[in-house]
Amino acid sequence: MTPDLSVKLGALTLPNPLIAASGCFGYGLEYEQVVDLSSLGGIVSKGLFMKERQGHPPPRIVETPAGMINAIGLQGIGVHRFVNEKLPLLRRAGARTFVNVCGTTLDEYVEVCKVLSDAEGVAAIELNISCPNIKEGGIQFGCSLDGTYHVVSAVKKATHLPVIPKLTPNVTDVASFARAAEDAGADAISLVNTFLAMAIDVETRRPRITNVLGGLSGPAIRPIAVRMVWECYQLVKIPIIGMGGITDARDAIEFMLAGAAAVQIGTQNFVDPFIWSKVIDGMQDYMKRHNVARISELVGTFDPAPPRAVHA
Amino acid sequence: MTPDLSVKLGALTLPNPLIAASGCFGYGLEYEQVVDLSSLGGIVSKGLFMKERQGHPPPRIVETPAGMINAIGLQGIGVHRFVNEKLPLLRRAGARTFVNVCGTTLDEYVEVCKVLSDAEGVAAIELNISCPNIKEGGIQFGCSLDGTYHVVSAVKKATHLPVIPKLTPNVTDVASFARAAEDAGADAISLVNTFLAMAIDVETRRPRITNVLGGLSGPAIRPIAVRMVWECYQLVKIPIIGMGGITDARDAIEFMLAGAAAVQIGTQNFVDPFIWSKVIDGMQDYMKRHNVARISELVGTFDPAPPRAVHA
Amino acid sequence: MPVDIEATVIANERLSSDYSVLSLRAPEVGRRTQPGQFIMVKPVGVTDPLLRRPFSVFEVLRDATGNIAGISLLNKRAGRSTRKLYELEPGDVVSCLGPLGVPFKPVQAPVEAWMVAGGVGLAPFATLAETLSALGTPATLFYGARTAGELFYLEFFERRGITLALTTEDGGRPSGRPCVKGLVTVPLEAALQSAGPAGAMVYACGPEPMLEAVAGLAARYHQPSQVSVERVMGCGLGGCYSCVVPVKHGDEHANLVRSCISGPVFDGAELVWPSTSSGQGTP
Amino acid sequence: MPVDIEATVIANERLSSDYSVLSLRAPEVGRRTQPGQFIMVKPVGVTDPLLRRPFSVFEVLRDATGNIAGISLLNKRAGRSTRKLYELEPGDVVSCLGPLGVPFKPVQAPVEAWMVAGGVGLAPFATLAETLSALGTPATLFYGARTAGELFYLEFFERRGITLALTTEDGGRPSGRPCVKGLVTVPLEAALQSAGPAGAMVYACGPEPMLEAVAGLAARYHQPSQVSVERVMGCGLGGCYSCVVPVKHGDEHANLVRSCISGPVFDGAELVWPSTSSGQGTP
Ligand SMILES: Cc1cc2nc3c(=O)[nH]c(=O)nc-3n(C[C@H](O)[C@H](O)[C@H](O)COP(=O)(O)OP(=O)(O)OC[C@H]3O[C@@H](n4cnc5c(N)ncnc54)[C@H](O)[C@@H]3O)c2cc1C
Ligand SMILES: Cc1cc2nc3c(=O)[nH]c(=O)nc-3n(C[C@H](O)[C@H](O)[C@H](O)COP(=O)(O)OP(=O)(O)OC[C@H]3O[C@@H](n4cnc5c(N)ncnc54)[C@H](O)[C@@H]3O)c2cc1C
Ligand SMILES: Cc1cc2nc3c(=O)[nH]c(=O)nc-3n(C[C@H](O)[C@H](O)[C@H](O)COP(=O)(O)O)c2cc1C
Ligand SMILES: Cc1cc2nc3c(=O)[nH]c(=O)nc-3n(C[C@H](O)[C@H](O)[C@H](O)COP(=O)(O)O)c2cc1C
Ligand code: FES
Ligand code: FES
């Protein structure tokens with residue numbers, strides 16, 4: 001019997017818990033040549049505003065120990081072109097498409113979501129209130145409990161689609177933000193977005209990326225992200241989509257044990273675009289070894305009792 | 001002419017900006033066999049309460065990508081034994097000793113500092129209001145602006161020694177905490193302490209360390225720590241002691257460019273206890289190459305203008 | 001259809017203390033490669049640095065029977081990954097994702113092909129030279145380096161009937177061959193001034209200021225150009241938007257375009273250069 | 001005075017698919033080492049994993065003229081670093097910090113020395129055997145492994161006049177030598193029951209449950225013991241407090257003591273074991 005990898009996120013059912021993270025998978029179509037999009041649990045689009053955006057001048061990324069900093073600046077084609085040019089192709093490819101929605105104002109969030117509600121083929125809205133790279137990228141909502149509550153409620157009223165706010169880790173108590181989102185009617189939450197970071201070229205005394213500040217992602221942040229998922233899992237009932245430095249099945253399972261109902265993979269997809277089937281294989285292997293019939297049984301089953309003896 | 005590595009921290013002058021970070025250098029004396037303690041800018045003791053503490057049951061550390069999580073739980077010998085048993089030897093070794101002070105209550109902070117004020121050979125107090133590993137370790141002060149202000153003011157009244165609060169990075173806006181500390185009369189600030197993190201053994205579903213949660217340190221956190229130093233540097237006038245993942249002269253200089261008047265090295269000291277002279281050599285080499293006479297000239301000279309062209 | 005394969009190192013010939021030619025057993029990549037395409041590379045098992053690195057396919061290698069056996073890279077030490085690649089030994093394994101990107105469009109006689117290479121910018125021209133020579137296109141390689149010791153593979157091109165126009169910055173010359181002191185744009189401009197009526201396609205790869213100068217010269221003398229740019233690439237597949245360059249079609253506004261999927265080869269007339277651009281998106 | 005040196009790999013003899021003996025050119029470490037001490041090891045240039053790993057010094061190596069030339073480690077694959085060490089080849093370089101820690105205290109006749117090793121716990125006994133044999137102390141090695149194929153270096157000990165008492169869990173026996181099926185504590189207990197009047201010092205190194213059993217047996221039969229414990233060590237120098245074990249002097253409260261500087265060798269009677277301790281600091 002093959003292990004059952006399907007998971008539920010509220011009303012959505014995904015064939016497996018692996019979702020491509022926003023900004024790390026283009027609009028999905030770029031990856032059609034290396035991966036069958038329908039074989040993923042889902043994909044999240046690059047962040048979209050109403051209008052097109054050019055983003056920040058390059059250089060936009062720099063590597064750091066076990067991680068990378070990016071300040072792309074939400075370059076994107078805007079929601080209308082996305083709906084017209086990308087969505088039909090994504091539907092044809094069988095992708096379950098989550099759309100990462102940005103806004104400079106509460107109204108813009110609402111407007112973008114309305115456009116998406118009228119389109120066909122959107123599985124859910126991931127509300128980006130956490131991009132660290134641009135001042136007007138919603139982070140002012142994401143760093144205030146009231147702001148989080150208001151933008152989520154407003155969007156919920158404007159759309160029938162599931163609304164999944166994506167939380168920033170750059171706060172003192174991420175679980176309180178999860179609760180604010182839940183109170184406002186969020187269907188699930190995604191976490192974490194990137195950590196605000198910077199790197200200096202000491203030879204020139206200049207920044208390594210033009211925007212100076214950027215978001216840290218990759219394996220370096222995983223231990224912090226896992227902690228945040230676990231904190232939120234203990235406080236809220238809505239499903240959590242966990243991410244931050246996942247590189248293999250072990251890492252994905254770590255997030256699920258901590259309480260993630262599904263997971264996203266971002267940076268590692270750059271390192272290995274063929275990662276998806278490897279993680280699926282690794283998960284099935286783990287389930288067989290541990291006699292787990294359904295992957296969803298794992299969610300939140302982390303046992304905080306002391307480690308078993310190191311020596312057998 | 002050999003470059004001048006000396007730096008000032010308020011009234012203190014250090015022969016160089018390199019300080020051994022708290023909890024990563026025992027009580028200093030452990031390292032006498034590998035390094036001349038007087039050759040360091042300074043050393044920070046392990047965190048001390050009034051009384052002895054046993055700390056958390058092992059395992060207490062686990063490695064993560066480019067980092068490690070620790071939950072030692074502030075095992076320590078208490079301030080009285082420190083003053084009697086360690087301080088005389090540290091004085092004899094020529095160490096400039098910063099004492100990392102912990103407390104479960106405001107009164108305990110004040111009491112520990114009073115004991116240290118009466119002792120001989122304490123260069124400064126590093127006020128640990130940021131240990132993520134124990135509930136009563138002062139983090140409740142370090143995560144509230146009022147708490148930070150109050151504990152720093154109270155301690156300032158109780159001692160003539162320089163008081164250097166050590167800030168936690170687990171907050172939304174670290175610079176506001178730097179300001180609160182400055183307003184309360186702090187002589188300098190240290191940042192960052194470790195990031196709250198966790199790791200799960202997926203085979204057993206148990207935590208990798210007994211305390212479940214611990215603090216992430218090492219190169220993984222450096223880009224976030226550098227950003228925080230830069231944010232604080234722009235807001236406060238008191239000197240900043242920067243740390244987080246420093247492994248070599250380049251990293252130390254990165255922190256100084258971002259605004260650190262001095263730096264601490266923690267985790268890398270485990271990897272290479274002979275690091276100190278290597279970093280000093282590397283700094284002198286950099287100063288010669290860049291024609292810098294005094295290392296203190298570098299502080300805060302990061303230039304946020306766009307990077308110079310990548311291609312020569 | 002790019003593939004990702006773990007390619008065994010067949011040889012790693014050190015050409016100098018900085019340059020090596022890394023030969024890899026990667027027939028699947030070799031068979032698919034068109035001139036100017038690149039691969040994303042990473043030594044297997046290495047997690048630091050985290051990301052792959054882009055490299056032009058240098059040669060497509062064939063075995064004794066003429067079957068495609070692999071590819072080689074012309075590697076120049078620039079930092080951590082390129083140092084690791086320089087140090088690889090036969091038997092080591094490298095992960096190769098590719099081929100990727102838009103290739104050069106070859107031209108045919110009577111149009112001439114003028115390849116302009118600066119330093120390691122030689123890399124994409126070995127395969128292009130093979131293609132041009134198979135097509136019978138008259139071709140010249142304008143090739144500049146700092147010193148004569150850094151002019152590599154000259155016989156490779158001569159054997160394929162490519163005319164050489166060499167320059168060195170220090171005036172040194174490789175034995176037995178003419179060579180001019182100065183930048184590679186000097187002989188190129190001379191050639192442009194006396195271009196025949198059918199004209200020439202100018203292909204360029206090298207440091208950014210050279211590319212700008214070459215594209216500018218080509219435009220000034222009304223010849224088309226195809227320029228291969230180098231940007232920091234996070235993924236090579238269009239996923240991350242790290243590799244953008246400003247590109248302008250006709251009178252439109254310049255757009256930041258991903259050089260991994262819309263390039264690395266661009267029409268030189270459509271690239272916007274730092275000195276002409278208004279700032280945003282300036283490389 | 002520990003030193004930190006970049007030691008070149010002289011040889012890496014694979015004893016099985018899990019075990020190897022890694023010989024390192026490290027005369028400075030070899031000269032300083034006392035039996036039971038350890039070094040903190042890391043392949044040079046490796047940043048992942050970040051931290052060094054503790055290893056007992058296995059042999060002190062001498063060159064043809066009898067001068068100390070280096071040390072060897074008995075390495076068992078347990079995870080990432082030990083796998084890397086297993087794969088090292090001659091010429092590779094390993095960073096060695098040491099020697100560190102409290103050594104075994106050797107005993108002299110008429111007291112006997114009984115060394116009890118479980119699996120890779122054999123490591124500290126090669127140097128102890130040398131010392132004991134030089135002192136002329138009558139010595140026995142009680143040595144248990146899972147299979148006969150994992151009983152290593154038997155001749156090494158025989159050549160030094162050490163009596164062997166071997167056990168395997170599966171009952172297999174190394175050719176030509178007596179060997180008992182079961183745990184190493186079985187022959188040890190038999191020996192303890194018939195110990196001579198001068199008594200014996202029991203030295204132990206191996207898995208934790210074995211150490212607890214051995215220390216318990218020694219105490220029950222009123223013999224002293226010296227036990228080498230293994231804890232996760234972050235630094236090896238007393239800097240990090242990661243490696244603590246609960247230790248109890250007489251009637252005092254148990255204290256968590258750093259095993260890197262107060263150990264790894266402890267008086268077996270002073271260690272507090274999981275089954276007897278009250279919880280805090282339980283390994
Ligand atoms: C399409 C393309 C083809 C290339 N072909 C070749 C080739 O055939 N031979 C060759 O030697 N080099 C080639 N390069 C350049 C090569 O990719 C860089 O030299 C290499 O990435 C540097 O890596 P590093 O770790 O050694 O250097 P690092 O230590 O990372 O940095 C050194 C320099 O390399 C640049 N760099 C770093 N990461 C990247 C990246 N992901 N992409 C591009 N540049 C980067 C940095 O800006 C820096 O200036 C090509 C680049 C591109 C974009
Ligand atoms: C004083 C001492 C002497 C030792 N002597 C030897 C020896 O001679 N030969 C030998 O093969 N092994 C010896 N060990 C054990 C050896 O240190 C571990 O097997 C090794 O650290 C595992 O590293 P890894 O990266 O391969 O495993 P990992 O992938 O890191 O983990 C595998 C296992 O090793 C343990 N471990 C991880 N890090 C450490 C650490 N820093 N210190 C101790 N244990 C750790 C973990 O708890 C885990 O159970 C000794 C340990 C100590 C404390
Ligand atoms: C290059 C890059 C671009 C990103 N763009 C977005 C984005 O547009 N919207 C968003 O919500 N998150 C964005 N992210 C954050 C990722 O979706 C993800 O939250 C983060 O990278 C952590 O996951 P990882 O460590 O697996 O990459 C981006 C990340 C990277 C590396
Ligand atoms: C094992 C360990 C113990 C620590 N103990 C303390 C402590 O007692 N008091 C304190 O203020 N910081 C403590 N820290 C934090 C360090 O002083 C330092 O702030 C942090 O590790 C970041 O620096 P690094 O990346 O160079 O290690 C400890 C860190 C480690 C790794
Ligand atoms: S390299 Fe990632 S989009 Fe081009
Ligand atoms: S290993 Fe660091 S104190 Fe023992």
Interface moiety of D:D4 toward chain B, non-hydrogen atoms closer than 4.5 Å: both

Most chain B-contacting option - heavy-atom pairs closer than 4.5 Å, from D:G239, D:G234, D:C240: D:G239

Residue part contacting chain D, namely of B:P219, when any heavy atom lies under 4.5 Å: side chain

Which atom of D:L50 lies closest to which atom of B:V271, heavy atoms considered: O-CG2, 3.5 Å

CE-CD1 distance between D:M233 and B:I61, expressed to the nearest 0.5 angstrom: 10.5 Å

Atom of B:R60, atom of D:L256 and distance for their closest heavy-atom approach: NH2-CD1, 3.4 Å

Closest-packed option against chain D by number of heavy-atom pairs under 4.5 Å, given B:Y31, B:F25, B:Y27: B:Y31

Smallest separation among heavy atoms of B:F270 and D:C235, with atom names: CD2-CB, 3.5 Å

Heavy-atom check, side chain of D:L97 versus side chain of B:F274, under 4.5 Å: yes

Exceeds 12 heavy-atom contacts within 6.0 angstrom, atom NZ of B:K278: yes

For the student: nearest non-hydrogen atoms of B:V34 and D:P2, plus distance: CG1-CG, 3.7 Å

From B:E63 atom CD to D:R80 atom CZ, the distance as rounded to the nearest 0.5 Å: 6.0 Å

Smallest separation among heavy atoms of B:P58 and D:S242, with atom names: CB-O, 4.5 Å

Side-chain heavy atoms of B:R208 within contact of D:V232, under 4.5 Å: no

Side chain proximity check, B:Q33 to D:L237, heavy atoms < 4.5 angstrom: yes

Where D:A254 and B:Q54 come nearest, the two heavy atoms and their spacing: O-NE2, 2.9 Å

